Structure formats: structure tokens, C-alpha cells
Engineer: 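Can you read through this structure? Questions will come right after.
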Amino acid sequence: MSHHDSLEVEVYLQPPPADALAGASAIVLDIFRATTVHAALFAGGAEAVYPVADFAAGVALSELLPGSVLVGEVGALPPTEAAFGNSPTEFASMDVSGWTVVHVTSNGTRALTNSLQAEIALSGCLRNMTASLDHVLRRGGTRIAVVCSGDHRGTAPSVEDSFAAGAYVAALRRMRPDIRLRGGARLALKLYHAYGRAPARAFADSPHGDHLRELGFDADFAYAAAVDASSEVIELAPDAAGRPLLRVR
């Protein structure tokens, strides 16, 4: 790549308006826990995941897809409609091979459904960081957008997503030293270094993490912190009916 088509990286500390991602290679992060759950499901052989923003839509979609499994959380716990919750270690311990999953969460699935205008969009987490970055770099393009799902339905930044975004920026700089960092990318990188590049330190400082710990989901932290434990690239694309659908590339 010559200098004049150099690569620009932006980090959105909470999801931007959908049209902000037009033309970009987007990587959506929801470390606690939606995109980490996607890594667990696809590592276990799940066939497809439909990210959906709310349970009414999730129930309707799961009824349209015979044999699909409705999973997810409201306030970090599964509502009565859901067969399972939103815990990656729970899915890692189950046989999910061949599953089609309808997945509803407060933040991550909402951010993903908002990313269809991107040139490509991936579900990223710390577990599949290098695989995800390799994929977007191979695809070319001049702009990478790392999108943090945030907290409170995407209305506030989250510590863990912002930290992970910084990890992505640091990895990108190693892979492509010529990249140009926009403001959000510089902030995320600073935050990553402020936590000593240690996921456990950032996770310990996360209010959302406090809530998960109170509910007994401690095992999910080590799972979410395992950088590059997975090589699956999880790409978002519309299905035949135009609905957002995640599959392994």
C-alpha cells in the first residue's frame, strides 16, 4: 500500500450512527459478553448466529427459523423466553454443533445490527483479535473502525470494550506501523497502556464486571481475557431476507 492510500483507524467508544460506518471495515466489540459468546459458539461448531436488538424481535425471528435456539440476557440474566443466557463458558461446555442461534443482548447485538452499512463487519473480541485484524488487513480498504458496544444500550462507554479496542489498536500498530490513528483510537490506546496491557486489571475496574461478579459469572472473565485463543473470523452479512447474520468466514 503506497503512502497516499494509507490506513486510518478510528475507535468509537460507543456505537456511532449507522452511516458513520459506510465504507469502513468495522470490528464490533462487546467483551462482556456478546462477542465473546460468538467466539464460544463458533468454536463449538455453531452454524449461524442472528444478532437481534430486543427480545420481542428475537422471539418472532426464532419462530420463523425452525430448530433455532433463542439465547441472551436482560440485565445480564436470561429472561423466560430464552433457552440459555449470555455466558461464554456455559456455551463452551455444551455441544452447540450445528446450532442456529438467535442472540439478544442489551449492547452487543444492538451494535452489530447497526453495522450492516460497513464495507465488512466482524464480531470481534480479545479471543479472536489477531485473526480479525489479519482478515480486515487482507481485505484492503483505507479505514478500519473498531466499534465498542458500550453500556446501557450503547449510551455510555464501557471500560472493558474501550480497553479491548486499545489492544486492537496496539496490535494494528505492530502489524502496520504506518497506520494513522484518529482521536478515539489514540484514547483507547492510552487506556490500554494505563491498565498495563492486562485484561484482568481492566476487567477488575469495570462496573459491568462488578455486576457479573455479583451474579456469579466469574469464569467468564478468564475466558474473555484469553487473547488469540481462537482463529475464527466471524463476519456479519445480511441473509437472503436482509436480516443481520453472523457466520464464520
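Predicted model only: the values in this text are computed from it and were never measured.
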Engineer: Within this structure, what is the CG-CZ distance for the pair Leu137 and Arg176, rounded to the nearest 0.5 Å?
Structural biologist: 6.5 Å

Engineer: Are Met175 and Leu122 joined in one hydrophobic group, where the rule is that I, L, V, M, F, W and Y side chains link up if heavy atoms are under 4.5 Å apart?
Structural biologist: yes

Engineer: May I ask you to decide if Ser158's main-chain N or O and Asp161's side chain share a donor-acceptor pair within less than 3.5 Å?
Structural biologist: no

Engineer: In a check of side chain to side chain contact (heavy atoms under 4.5 Å, CB included) between Ile27 and each of Thr35, Ile120, Leu133, Val147, which one passes?
Structural biologist: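 One option only clears the test, and that one is Leu133.
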
Engineer: Under a 4.5 Å cut-off applied to non-hydrogen side-chain atoms, are Val159 and Leu191 in contact?
Structural biologist: no

Engineer: Under a 3.5 Å distance rule, please check whether Asp239 uses its side chain to pair with a backbone N or O of Gly242 as donor and acceptor.
Structural biologist: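 Between the backbone of Gly242 and the side chain of Asp239 there is a qualifying donor-acceptor contact (under 3.5 Å).
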
Engineer: Kindly confirm or rule out a cation-pi arrangement of Arg213 over Phe221, judged by NZ or CZ under 6.0 Å from the six-membered ring centre and within 45° of its axis?
Structural biologist: yes

Engineer: Between His211 and Phe217, is the side-chain contact (heavy atoms from CB on, under 4.5 Å) condition met? List the steps.
Structural biologist: CA-CA 9 Å; His211 181 52; Phe217 288 114; over 6 Å; no

Engineer: State whether the side chain of Arg197 and the backbone N or O of Ala170 hold a donor-acceptor pair below 3.5 Å, judged by distance alone.
Structural biologist: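 Flag not set: sc Arg197 to bb Ala170 has no pair under 3.5 Å.
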
Engineer: For a 4.5 angstrom cut-off between non-hydrogen side-chain atoms, does Tyr223 reach Thr36?
Structural biologist: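 Side chain of Tyr223 against side chain of Thr36, heavy atoms only: contact under 4.5 Å found.
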
Engineer: Looking only at side-chain N and O atoms, does Gln14 offer a donor or acceptor that is under 3.5 Å from a partner on Thr155?
Structural biologist: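 No - no donor-acceptor pair under 3.5 Å links their side chains.
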
Engineer: Quick check: is Val227 connected to Val169 through a chain of hydrophobic side chains (ILVMFWY, heavy atoms under 4.5 Å apart)?
Structural biologist: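 In one cluster with Val169: Val227, yes.
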
Engineer: Could you walk me through whether Arg243 and Leu64 pass side-chain contact (heavy atoms from CB on, under 4.5 Å), step by step?
Structural biologist: CA-CA 12 Å; Arg243 298 173 294 226; Leu64 284 176; 3.8 Å; yes

Engineer: Measure from the ring center of Trp99 to the ring center of Phe84 and say whether it is less than 6.0 Å.
Structural biologist: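 Centroid distance Trp99-Phe84: below 6.0 Å, so yes.
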
Engineer: Is any side-chain heavy atom of Cys125 less than 4.5 Å from a side-chain heavy atom of Leu29?
Structural biologist: no

Engineer: Tell me, please, which residues at least two apart from Ala48 pass side chain to side chain contact (heavy atoms under 4.5 Å, CB included).
Structural biologist: Thr100, Leu245, Arg247

Engineer: Does any N or O in the side chain of Tyr168 come within less than 3.5 Å of the main-chain N or O of Ala185, such that one atom is a donor and the other an acceptor?
Structural biologist: no

Engineer: For a 4.5 angstrom cut-off between non-hydrogen side-chain atoms, does Val233 reach Asn128?
Structural biologist: no

Engineer: I want to check something: taking the side chain as every heavy atom from C-beta on, are Arg249 and Ile234 in contact at a cut-off of under 4.5 Å?
Structural biologist: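 The answer is no, as the side chains (C-beta and beyond) never meet within the 4.5 Å cut-off.
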
Engineer: Over all heavy atoms of both residues, which pair between Gly58 and Val52 is shortest? Give the atoms and the distance, please.
Structural biologist: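 That would be N-CG1, 3.6 Å.
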
Engineer: Measure from the side-chain N and O atoms of Arg110 to the backbone N and O of Arg153, and report whether any donor-acceptor pair falls under 3.5 Å.
Structural biologist: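 Pair absent, no side-chain N/O of Arg110 close to backbone of Arg153.
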
Engineer: Less than 4.5 Å apart, side chain to side chain, heavy atoms only: is that true for Leu41 and Val101?
Structural biologist: yes

Engineer: Between the side chains of Arg182 and Glu8, is the shortest nitrogen-to-carboxylate-oxygen separation below 4.0 Å, so that they form an ion pair?
Structural biologist: yes

Engineer: Among side-chain atoms of Asn86 and His103, is any donor-acceptor pair under 3.5 angstrom?
Structural biologist: yes

Engineer: Do you know which two heavy atoms are closest between Ser115 and Ala121, and how far apart they sit?
Structural biologist: O-CB, 3.8 Å

Engineer: So how far is it from Phe203 CZ to Ile31 CD1, rounded to the nearest 0.5 Å?
Structural biologist: 6.5 Å

Engineer: Would you check if there is a donor-acceptor pair between the side chains of Ser206 and Glu160 at a distance under 3.5 Å?
Structural biologist: yes

Engineer: Closest heavy-atom contact between Leu126 and Ala225?
Structural biologist: CD1-CA, 4.4 Å

Engineer: I would like to know whether Gln117 and Asp19 meet side-chain contact (heavy atoms from CB on, under 4.5 Å); could you show each step before the answer?
Structural biologist: CA-CA 6 Å; Gln117 287 187 43; Asp19 58 1; 3.7 Å; yes

Engineer: Just how far is it from atom OG of Ser149 to atom CG of Asn107, taken to the nearest 0.5 Å?
Structural biologist: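 Going from OG on Ser149 over to CG on Asn107, the span is 6.5 Å.
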
Engineer: Any non-hydrogen side-chain atom of Pro51 less than 4.5 Å from a side-chain atom of Leu236?
Structural biologist: yes

Engineer: Would you please classify the geometry between the Phe163 ring and the Tyr195 ring as parallel, tilted or perpendicular, with 30° and 60° separating the classes?
Structural biologist: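 Geometry flag for Phe163 against Tyr195: perpendicular rings.
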
Engineer: Between Asp228 and Thr130 (side chain of the first, backbone of the second, donor and acceptor by atom type, cut-off under 3.5 Å), is there such a pair?
Structural biologist: yes

Engineer: Where is the tightest heavy-atom contact between Ala34 and Gly108, given as atom of each residue plus distance?
Structural biologist: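 Looking at all heavy atoms of both residues, the shortest contact is CB-CA, 4.0 Å.
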
Engineer: So, Glu10 side chain and Ile144 main chain: donor-acceptor pair closer than 3.5 Å or not?
Structural biologist: no

Engineer: Would you please name every residue forming a ring pair (Phe, Tyr, Trp, His ring centres under 6.0 Å) with Tyr50, sequence neighbours left out?
Structural biologist: none

Engineer: Honestly curious: do Leu112 and Val71 fall in one hydrophobic cluster under the side-chain, below-4.5 Å linking rule?
Structural biologist: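 Yes, Leu112 and Val71 fall within the same hydrophobic cluster.
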
Engineer: Provide the closest heavy-atom pair for Met129 versus Ala171 in the form atom of the first, atom of the second, distance.
Structural biologist: CE-CB, 4.0 Å

Engineer: If I compare all heavy atoms of Asn114 with all of Pro16, which pair ends up nearest, and what's the gap?
Structural biologist: ND2-O, 3.3 Å

Engineer: Does atom NE2 of His193 have more than 12 heavy-atom neighbours from other groups under 6.0 Å away?
Structural biologist: yes

Engineer: I would like to know whether Glu119 and Arg143 meet side-chain contact (heavy atoms from CB on, under 4.5 Å); could you show each step before the answer?
Structural biologist: CA-CA 10 Å; Glu119 190 67 27; Arg143 188 159 69 95; over 6 Å; no

Engineer: Just verifying a value: how many Å separate Glu63 CD and Leu70 CG, rounded to the nearest 0.5 Å?
Structural biologist: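 Result: 9.5 Å between the selected atoms.
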
Engineer: Is it the case that the side chain of Glu73 and the backbone of Gly75 share a donor-acceptor pair, with hydrogens and angles ignored and the cut-off at 3.5 Å?
Structural biologist: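 Yes; judged by distance alone, with no hydrogens or angles, the pair exists.
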
Engineer: Does Phe32 offer a backbone N or O that forms a donor-acceptor pair with the side chain of His208 under 3.5 Å?
Structural biologist: yes

Engineer: So if you build clusters from Ile, Leu, Val, Met, Phe, Trp, Tyr with side-chain heavy-atom gaps below 4.5 Å, do Phe91 and Val74 land together?
Structural biologist: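 Result: no, two separate clusters.
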
Engineer: Enter the distance from Ser123:OG to His38:NE2 here, rounded to the nearest 0.5 Å.
Structural biologist: 5.0 Å

Engineer: Output the distance between atom CD (Glu232) and atom CZ (Phe42), rounded to the nearest 0.5 Å.
Structural biologist: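 If I round to the nearest 0.5 Å, the distance is 9.0 Å.
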
Engineer: Check the side chains of Asp220 and Thr89 for a donor-acceptor pair under 3.5 angstrom, ignoring hydrogens and angles.
Structural biologist: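 Yes - a donor-acceptor pair under 3.5 Å links their side chains.
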
Engineer: Is a donor on one side and an acceptor on the other found under 3.5 Å between the side chain of Ser6 and the backbone of Ile179?
Structural biologist: no

Engineer: Can Leu246 be reached from Val28 by stepping across I, L, V, M, F, W or Y side chains whose heavy atoms are under 4.5 Å apart?
Structural biologist: yes

Engineer: Could you tell me whether the side chain of Val11 reaches within less than 4.5 Å of the side chain of Leu187, counting heavy atoms only?
Structural biologist: no

